[in-house]
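See below for the structure under consideration.
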Amino acid sequence: MEKKYKHNSVEMTGNISSIGEIKTKSNGNEFMYINIAQNSKDGKSSFYPIYLDGIILEKFKKNGYKIGDRITAVGKLESYQKDSKQTLQIRPFEVEKVEYEKTKDNSQTVKNESTKEVDM
């Protein structure tokens with residue numbers, strides 16, 4: 001993924017752990033949430049919500065991403081109030097699938113990024 005977003009952006013790579021339902025805002029625009037999971041060295045998982053709408057949502061649906069796919073999302077962090085708590089989400093500028101390559105020791109390493117890139 002080309003580094004074209006230098007300021008005020010975040011890049012997250014992880015496996016899609018859930019894909020929410022497509023919902024409609026009061027203005028008629030569709031949106032949905034997905035979550036990506038990252039595992040730490042101690043075996044604990046962290047989950048990060050990603051908010052998809054507009055062109056990013058359309059391309060996400062078109063590319064047929066599914067639970068378990070490894071993706072990289074580049075976007076901005078947004079915060080909002082939910083149940084008296086401050087919550088963070090990622091609003092991506094682009095989403096790209098990342099392919100694995102098996103190594104000799106049977107562990108997986110990230111080999112390359114596919115051409116399924118989503119730009120806003």
Side-chain angles (χ1 to χ4, degrees):
M1 189 175 289
E2 182 182 327
K3 304 287 184 202
K4 50 187 161 183
Y5 306 105
K6 295 178 183 172
H7 302 290
N8 300 324
S9 66
V10 62
E11 180 176 334
M12 297 289 292
T13 300
N15 293 9
I16 299 174
S17 60
S18 68
I19 299 175
E21 295 178 18
I22 295 175
K23 298 181 181 178
T24 304
K25 298 182 205 176
S26 59
N27 64 6
N29 293 335
E30 293 182 331
F31 72 97
M32 74 180 219
Y33 283 93
I34 65 169
N35 283 298
I36 61 171
Q38 291 182 328
N39 295 325
S40 64
K41 291 179 182 178
D42 64 2
K44 293 182 181 176
S45 297
S46 296
F47 298 89
Y48 301 94
I50 299 179
Y51 177 84
L52 305 174
D53 67 350
I55 294 169
I56 294 292
L57 175 57
E58 293 305 314
K59 290 186 177 181
F60 184 86
K61 292 188 300 187
K62 178 182 161 200
N63 287 331
Y65 292 109
K66 61 188 181 308
I67 292 175
D69 286 347
R70 186 162 183 84
I71 63 168
T72 296
V74 178
K76 65 180 179 174
L77 280 178
E78 292 181 334
S79 64
Y80 62 94
Q81 201 75 15
K82 181 179 180 182
D83 301 328
S84 303
K85 295 179 185 176
Q86 195 70 13
T87 304
L88 291 175
Q89 68 185 19
I90 299 168
R91 188 169 207 160
F93 307 130
E94 57 185 274
V95 174
E96 189 171 285
K97 188 172 182 179
V98 178
E99 300 295 335
Y100 287 108
E101 175 184 283
K102 293 280 187 180
T103 60
K104 289 182 182 179
D105 65 358
N106 292 329
S107 64
Q108 293 180 337
T109 58
V110 175
K111 178 183 180 189
N112 61 13
E113 296 168 352
S114 74
T115 59
K116 289 186 176 181
E117 186 171 305
V118 179
D119 290 319
M120 270 187 83

Got a sec, which residues hit side-chain hydrogen bond (donor to acceptor under 3.5 Å, both in side chains) with [X], two or more places apart in sequence or on another chain?
X: Ser18; value: Asn35
X: Ser79; value: Gln86
X: Glu21; value: none
X: Ser45; value: Asn39

Salt bridge (Lys or Arg N to Asp or Glu O under 4.0 Å) involving Lys62 - partner list, sequence neighbours excluded: none

Do you know the tightest heavy-atom contact between [X] and [Y]?
X: Ile22; Y: Met32; answer: CG1-SD, 3.6 Å
X: Tyr48; Y: Ser46; answer: OH-CB, 3.5 Å
X: Met12; Y: Ile90; answer: CG-CD1, 3.2 Å
X: Pro92; Y: Ile56; answer: O-CG1, 3.6 Å

Separation of Lys59 NZ from Leu52 CG (nearest 0.5 Å): 13.0 Å

Spacing of Glu58 atom CD and Asn63 atom CG [to the nearest 0.5 Å]: 11.5 Å

Min side-chain heavy-atom separation [X]-[Y] under 4.5 Å:
X: Ile36; Y: Asn15; value: no
X: Ile16; Y: Lys66; value: no
X: Tyr65; Y: Ile34; value: no
X: Asp53; Y: Arg91; value: yes

Test side-chain contact (heavy atoms from CB on, under 4.5 Å) applied to Asn27 - qualifying residues, sequence neighbours left out: Lys25, Asn29

Joint cluster assignment, Ile50 & Ile67, ILVMFWY side-chain distance < 4.5 Å: yes

Pairwise salt bridge (charged side-chain N to carboxylate O under 4.0 Å, His left out) hits with a residue in residues 27-46, at least two apart: Glu30-Lys61

Residues clustering with Tyr80 (ILVMFWY side chains joined when closer than 4.5 Å, directly or via others): Phe31, Tyr33, Tyr51

